[in-house]
Amino acid sequence: MNTFMNKNRKIVVTGISIGVLSKNGDDYISLTDIAKSKNPEFPAEVIKNWLRTRFTIEFVGLWEQINNPHFKLVEFDQFKNESGINSFVLSPEKWIRTTNAIGLRSKSGRYGGGTFAHKDIAFEFASWISAEFKLYLIKEFQRLKNEEKHRLETGWDVKRQLTKINYRIHTDAIKTHLIPQEVTKNKKDLIYANEADVLNMALFGQTAKEWRDTHKGKEGNIRDYTDVLQLVVLANLESLNATFIDQGLPQSKRLMALNQIAITQMKALVGNPSLKHLE
């Protein structure tokens, strides 16, 4: 199963937005986005044309042999022998499915979907597009990695950790007090989502669905677009909501109380110099 662990990041190369995803610590760059620089209407055809050449098959096949112990060599040799024939056509999906390749990944979805490749392969594809494009791609990718390294070194990831600190407390309280015994998993999920929206309403004034409806085309959810002050308050609200649940307060009263607390805390935190280093 092709599952990417990190959310989509973007770099811009010669005016084209290119997605970058991570899986098991490796970065994968969108070939679909790169191909749009050559044919914005049919980028998939550009990738197929590149993939069907003997040089490309030999390159990605060698990459797989070095990095993938489960790569199917017999099937790879068959593709290599067929390459060069005018009738030979190869799609990324067929390559992945037939050879058990990991260097190319297919990601579904209307936004951010398409074919992704390990950065080693993506840079090779960019060379095929143009040498100039490859150089700009490498430059922007390195800038992204430098920024990520800087954020980690300066504690930027604390913003997300703040909400995770109280997550277990929050969900345990919901499980203990709001979820009946023997309830189905689907109903559990509904209750958790409902409680998450209590916090969303208290802090943002809208539910997750309302935010998605007014931000069509954006990936992620409302909490992915919060600033550091909101994340600090959100972490506090999660802990307080767990306490209110333990006390047996009905949801309507908890929402009103959490909303007033959110307003008070945001007013107190705005301009607080101790939070500047997290921004």
Side-chain angles (χ1 to χ4, degrees), residues 1-6 8-11 13-14 16-109 112-142 144-145 148:
M1 181 178 180
N2 295 330
T3 303
F4 290 97
M5 305 306 294
N6 290 351
N8 203 349
R9 299 107 82 204
K10 294 284 187 180
I11 55 178
V13 181
T14 64
I16 298 172
S17 181
I18 299 175
V20 180
L21 300 174
S22 291
K23 179 177 171 62
N24 300 328
D26 288 324
D27 291 300
Y28 286 73
I29 301 174
S30 173
L31 298 190
T32 301
D33 291 339
I34 294 174
K36 289 176 182 177
S37 67
K38 197 173 185 70
N39 189 332
E41 189 174 358
F42 300 107
E45 297 305 313
V46 176
I47 299 172
K48 289 179 182 178
N49 287 336
W50 168 74
L51 190 57
R52 69 187 294 271
T53 66
R54 185 177 184 86
F55 175 83
T56 298
I57 291 176
E58 289 179 343
F59 177 83
V60 295
L62 178 59
W63 188 95
E64 295 289 346
Q65 292 176 63
I66 294 172
N67 297 282
N68 181 8
H70 305 294
F71 183 58
K72 297 180 179 179
L73 288 172
V74 174
E75 288 77 359
F76 160 63
D77 286 335
Q78 182 177 349
F79 283 140
K80 186 168 66 172
N81 292 334
E82 292 176 359
S83 63
I85 301 174
N86 290 337
S87 60
F88 176 64
V89 177
L90 182 60
S91 67
E93 292 79 12
K94 185 176 180 180
W95 168 258
I96 296 167
R97 182 178 64 252
T98 306
T99 66
N100 199 33
I102 62 172
L104 295 182
R105 300 280 178 176
S106 181
K107 182 176 182 288
S108 61
T115 299
F116 285 74
H118 187 277
K119 64 180 185 297
D120 298 342
I121 299 173
F123 292 151
E124 188 65 30
F125 177 63
S127 288
W128 184 77
I129 296 293
S130 80
E132 180 184 13
F133 193 91
K134 176 184 179 180
L135 289 173
Y136 282 118
L137 176 64
I138 293 174
K139 180 180 179 181
E140 288 303 310
F141 177 78
Q142 190 57 54
L144 172 69
K145 300 305 291 183
E148 290 177 348

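Throughout, numbering of the chain's residues begins at 1 and tracks the sequence.
The two atoms that bring Phe133 and Ala126 nearest to each other are CD2-CB, 4.1 Å, heavy atoms only. Closest non-hydrogen pair, Ile18 versus Ser30, comes out as CG2-O, 4.0 Å. In this structure, Thr98 and Lys72 approach most closely via the heavy-atom pair O-CD, 3.4 Å.
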Evaluation steps, side-chain contact (heavy atoms from CB on, under 4.5 Å), between Asp27 and Lys145: CA-CA 10 Å; Asp27 291 300; Lys145 300 305 291 183; 2.8 Å; yes

Steps toward side-chain contact (heavy atoms from CB on, under 4.5 Å) verdict (Ile34, Ile47): CA-CA 9 Å; Ile34 294 174; Ile47 299 172; over 6 Å; no

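Between Phe76 and Trp95, the angle of the ring planes goes over 60°, which puts this pair in the perpendicular group of the 30/60° scheme.
Here the straight-line distance linking atom NZ of Lys80 with atom CG of Leu62 works out to 9.5 Å at 0.5 Å rounding. Note: Lys10 NZ to Leu144 CG = 12.0 Å, rounded to the nearest 0.5 Å. Once rounded to the nearest 0.5 Å, the distance linking NZ of Lys107 with CG of Leu21 reads 5.5 Å. In this structure, Glu64 CD and Ile57 CD1 are separated by 12.5 Å, a value rounded to the nearest 0.5 Å. One distance of note links CH2 of Trp128 with OG1 of Thr53; it measures 7.5 Å at 0.5 Å rounding. Note that OG of Ser127 is 7.0 Å distant from CD1 of Ile138, once rounded to the nearest 0.5 Å.
You'll find the side chain of Leu51 stays beyond 4.5 Å of the side chain of Phe79, heavy atoms only. Counting heavy atoms from C-beta outward, Trp50 and Leu31 have side chains that approach closer than 4.5 Å. Under the 4.5 Å side-chain criterion, counting only non-hydrogen atoms from C-beta, Lys36 is in contact with Thr32. Counting heavy atoms from C-beta on, the side chains of Ile129 and Val46 come closer than 4.5 Å. Contact of the Ile102 side chain with the Asp26 side chain is not registered, since no non-hydrogen atoms from C-beta on lie closer than 4.5 Å. In this structure, Arg9 and Ser22 have side chains that are in contact, with non-hydrogen atoms separated by less than 4.5 Å.
A 6.0 Å sphere centred on CZ of Phe71 holds more than 12 heavy atoms belonging to other residues, nucleotides or ligands. Residue-environment remark: CZ (Phe42) stays at or below the threshold of 12 foreign heavy atoms within 6.0 Å. Counting non-hydrogen atoms of neighbouring residues, nucleotides and ligands closer than 6.0 angstrom, the NZ atom of Lys94 reaches no more than 12 such neighbours.
In this structure, Glu58 pairs ionically with Arg54, as a charged nitrogen and a carboxylate oxygen lie closer than 4.0 Å.
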Would you list the atom pairs, donor with acceptor, under 3.5 Å between side chains in residues 114-125 and any protein atom, with sequence neighbours excluded?
residue: His118; atom: ND1; partner: Asp120; partner atom: N; Å: 3.1
residue: His118; atom: ND1; partner: Asp120; partner atom: OD2; Å: 3.4
residue: Asp120; atom: OD2; partner: Trp63; partner atom: NE1; Å: 3.1

